[in-house]
Amino acid sequence: MIDLRLLREEPELFRAGQRRRGESPDKVDELLRADESRRAATQRFEAVRAEQKSLGKQVAKASGDERAALLARTKELAAEVKTAEAEATAADEALRKAHLAVPNLVQEGVPEGGEDDFVVLREVGELPAIDSPKDHLEIGEALGAIDTERGAKVSGSRFYFLTGVGALLQLALFNMAIAQAVEHGFIPSITPSLVRPESMEGTGFLGAHASEVYRLEADDLFLVGTSEVPLAAYHSNEILDLSAGPERFAGWSTCYRREAGSHGKDVRGILRVHQFDKVEMFSFCKPEDAVAEHQRLVAMEEEMLAKVEIPYRVIDVATGDLGSSASRKFDCEAWVPSQGRYREVTSTSNCTTFQARRLNIRYRDEDGKPQTAATLNGTLATTRWLIPILENHQQPDGSVRVPKALQPFLGGREVLEPTAKTAANA
RNA sequence: GGAGGGCUCGCCUAGUGGCCGAUGGCGCCGGUCUUGAAAACCGGUAUGGGGAAACUCAUCGUGGGUUCGAAUCCCACGCCCUCCGCCA
């Protein structure tokens, strides 16, 4: 939710923001009107309510004819109050709807356009020279690491088993991510994967992405698509102490996505799946620190990518491809040799105060007054990372070299060898 | 699945129809005292909306109802806790 005070003062700022996103500025004007009629309705209600209260006090003291006369008047008022209140409530609801419809203000400098109009900020690392590279699934199957056939048998398409070194590799990667997060002052956390509707709603995932979300109808709970949801909701309706700096979390959770509308896209292997694991960073900070915090999160992601020795590029996502909460988004895309292109492996968004306003997350400023906090999120590692790791480090004999930084987390293993016969096939 | 208890201002708590936005304690902030601190004492200390301001309105888990008037009475729901059963 955007800042209504700022909207009243500088509506043009938000109209321009809508145009930059490629959306109509009409929503901004609708919001302005809703805001105005809510204030008018509120004032009408408050006026009659104030009268009712003061007359009510007189009734308590009065007696006899005086009391009877007052009662007659207050009875009329009671009806007026009731209608005025109903109108105020309706105006409130209308404002809320209009408020939710306006996305966050886009940060200065974000490239304009759609999905393909991102700007490449930098490319890091040398692309490996691999003759006819095998893809991650072929490598993974030879290593006895990935089993999509049985995943499909047991759970359906876009499901998989990680087995043997596949399971170990993911655990190693995630442990390395958590270790790095702890080293940088993030609070390691393991979060719920099922959340209540208000948590889902508060983080904005029931808006445009509602069809992406699994819902357990019998219990009215949602399966999260990212631990951003529980981490953001963690401090909902709280006033934080940010005097010592941002509060940072690294949450490890399983993530679930319906992948509705992506039928036939990226169907091979584990690139696009219904269930995966992820370590997600999440920061609560003061709004003035958000831009610096965003850079910090990108730096964390790049540190991880450097550790697994994968070539990547960082892109500045264009306005039309931003989520409604984000003011700016940087993605890191890893080189995938079998596809000869970069694929997204991390994404970090600066949500400024947009998400926190909706979740009612505040902090106290120097004067002790509550102010809306800023929130940011970013990926530190996911199951998808196994793809560039396996592919970039594949060797002609079918083995896979383990990046140095990862070796301690794999019991010192330097190479993953193919198994003639995997345990699963035995 | 069954039975019971609870939900009030950071925490604990008082409050059974008007004098209640709400008591007291703890904590926190400021002051007095002190070389300094502690103790003691004094004062302050919820959030949001509207208003230039004076001020005003809302909020006692949520939503409805009764009433001129509800933290307080009635109904429904939510959540938390305990016990029993079942499962792990």
Side-chain angles (χ1 to χ4, degrees), chain A residues 1-9 11 31-100 190 192-202 206 215-222 229-230 233-244 247 254 284 287 353-373:
Chain A
M1 288 171 145
I2 61 165
D3 184 349
L4 283 182
R5 286 174 197 276
L6 187 60
L7 172 71
R8 279 175 219 150
E9 285 164 24
L31 176 54
L32 275 169
R33 279 195 294 277
D35 179 47
E36 231 180 275
S37 53
R38 186 203 63 121
R39 278 186 292 162
T42 300
Q43 280 174 33
R44 280 195 298 274
F45 163 64
E46 287 186 0
V48 284
R49 178 71 173 144
E51 193 184 348
Q52 183 189 39
K53 281 178 88 164
S54 82
L55 282 183
K57 280 187 181 145
Q58 292 174 43
V59 170
K61 291 185 213 127
S63 57
D65 288 348
E66 196 191 348
R67 189 184 169 92
L70 278 171
L71 276 180
R73 171 65 187 137
T74 48
K75 271 192 181 169
E76 277 172 42
L77 253 184
E80 283 176 45
V81 168
K82 207 166 183 174
T83 31
E85 183 173 19
E87 280 166 19
T89 306
D92 249 341
E93 199 36 55
L95 172 65
R96 190 182 149 70
K97 263 182 97 178
H99 205 171
L100 289 173
I190 293 169
S193 289
L194 285 165
V195 298
R196 294 194 188 161
E198 55 264 40
S199 302
M200 209 65 189
E201 184 137 46
L206 291 185
R215 174 165 180 229
L216 301 187
E217 198 151 352
D219 301 284
D220 201 17
L221 288 169
F222 291 90
V229 174
Y234 184 80
H235 277 315
S236 61
N237 297 313
E238 290 183 24
I239 299 178
L240 312 180
D241 181 5
L242 295 177
S243 58
E247 194 174 326
T254 301
F284 300 90
T353 57
F354 189 88
Q355 189 176 55
R357 188 166 291 109
R358 187 183 250 207
L359 286 164
N360 191 27
I361 302 168
R362 292 169 294 172
Y363 70 98
R364 290 195 191 278
D365 64 16
E366 287 72 15
D367 303 325
K369 289 193 109 174
Q371 303 287 355
T372 303

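Any value given below was found using the heavy atoms of this structure, including those in side chains, with hydrogens, waters and symmetry copies removed. The chains referred to below are lettered A, B, ... by the order of the sequence lines, with proteins before strands, and numbering in each begins at 1.
- Between A:Lys75 and B:C68 there is a side-chain polar atom (N or O) within less than 4.0 angstrom of OP1 or OP2.
- To the nearest 0.5 Å, atoms CZ (A:Arg215) and CE (A:Met200) are separated by 11.5 Å.
- Minimum heavy-atom separation, A:Ser193 to A:Thr254: OG-O, 3.1 Å.
- As rounded to the nearest Å, B:G21 and B:C80 have P atoms that lie 32 Å from one another.
- Applying the 4.0 Å criterion to OP1 and OP2 of B:C57, one finds that A:Arg38 has every side-chain N and O outside that range.
- The backbone N or O of A:Leu31 sits nowhere less than 3.5 Å from a side-chain atom of A:His99 that would complete a donor-acceptor pair.
- The interatomic distance linking A:Arg5 (CZ) with B:A52 (P) rounds to 11 Å, in whole Å.
- The interatomic distance linking A:Asn360 (CG) with B:A46 (P) rounds to 17 Å, in whole Å.
- Out of B:G65, B:C19, B:C57, the shortest distance to the side chain of A:Lys57 is found at B:C19.
- Between A:Arg8 and B:G50 there is a side-chain polar atom (N or O) within less than 4.0 angstrom of OP1 or OP2.
- Dashed line: the shortest gap from a side-chain N or O of A:Arg362 to OP1 or OP2 of B:G48 is under 4.0 Å.
- To the nearest whole angstrom, the two P atoms, one in B:U16 and one in B:C84, are 35 Å apart.
- Between A:Leu4 atom CG and B:G49 atom P there is a gap of 9 Å when expressed in whole angstrom units.
- Atom P of B:G48 sits at a distance of 40 Å from the matching atom of B:U34, rounded to the whole Å.
- Looking at heavy atoms from C-beta onward, A:Leu216 lies out of side-chain contact with A:Phe222 at the 4.5 angstrom threshold.
- Distance from the side chain of A:Thr74 is smallest to B:C68 among B:C68, B:U56, B:G48.
- Comparing B:U13 with B:C26, their P atoms are spaced 15 Å from each other, to the whole Å.
- A:Lys369 comes within 4.0 angstrom of nothing in the nucleic acid, heavy atoms only.
- For the C1' atoms, the distance from B:C83 to B:C68 is 46 Å, rounded to whole Å.
- The residue among A:Arg196 and A:Asp35 whose nearest nucleotide of RNA chain B lies closer to the 5′ end is A:Asp35.
- Nucleotide B:C80 holds its P atom 15 Å from the CG atom of A:Asn237, rounded to whole Å.
- Residue A:Arg49 places none of its side-chain N or O atoms closer than 4.0 Å to OP1 or OP2 of B:C68.
- Look at the P atom in both B:C86 and B:A71: the space between them is 45 Å, to the nearest Å.
- The separation between A:Asp241 atom CG and B:C29 atom P is 12 Å, rounded to whole Å.
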Q | Residue pair A:Arg358, A:Gln355: steps toward the side chain to side chain donor-acceptor pair (under 3.5 Å) verdict | A | CA-CA 5 Å; A:Arg358 187 183 250 207; A:Gln355 189 176 55; over 6 Å; no
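- Listed nucleotides: B:U56, B:A58, B:C68. Nearest to the side chain of A:Ala78: B:C68.
- Rounding to whole angstrom units, CG of residue A:Leu240 and P of B:G10 are separated by 14 Å.
- Within the 4.0 Å cut-off from OP1 or OP2 of B:A58, at least one side-chain nitrogen or oxygen of A:Lys53 is found.
- Under 4.0 Å is where a charged nitrogen must lie from a carboxylate oxygen, and between A:Arg39 and A:Glu36 no such pair does.
- A straight line from NE2 of A:His235 to C1' of B:G10 spans 14 Å, rounded to a whole angstrom.
- Nearest heavy-atom pair across A:Thr372 and A:Pro287 is O-CG, 3.5 Å.
- Out of B:C68, B:U47, B:U66, the shortest distance to the side chain of A:Arg364 is found at B:U47.
- Nearest heavy-atom pair, A:Leu32 versus A:Pro11, reported as atom, atom and distance to 0.1 Å: CD1-CB, 3.6 Å.
- Of the side-chain N and O atoms in A:Gln52, one or more sit less than 4.0 angstrom from OP1 or OP2 of B:G69.
- Taking atom C1' on both B:G6 and B:C42, the two are 38 Å apart, rounded to the nearest angstrom.
- Distance check on atom C1': B:G15 versus B:C9 gives 14 Å, rounded to whole Å.
- The separation between A:Arg39 atom CZ and B:U56 atom P is 21 Å, rounded to whole Å.
- Smallest separation of non-hydrogen atoms from A:Ala91 and A:Arg38: CB-CA, 3.7 Å.
- The phosphate of B:G50 (OP1 or OP2) has no side-chain N or O of A:Arg44 nearer than 4.0 angstrom.
- When the nearest nucleotides of RNA chain B are assigned to A:Phe45 and A:Pro370 by heavy-atom distance, the more 5′-ward of the two goes with A:Pro370.
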For RNA chain B, the expected dot-bracket line (Watson-Crick or G-U under 3.5 Å, [ ] crossing, | inter-strand) is ((((((((.[[[..)..(.....]]]((((((.......))))))(((((....))))).[[[[[..)....]]]]])))))))....
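- With contacts defined as side-chain heavy-atom distances shorter than 4.5 Å, the pair A:Leu7/A:Asp35 does not qualify.
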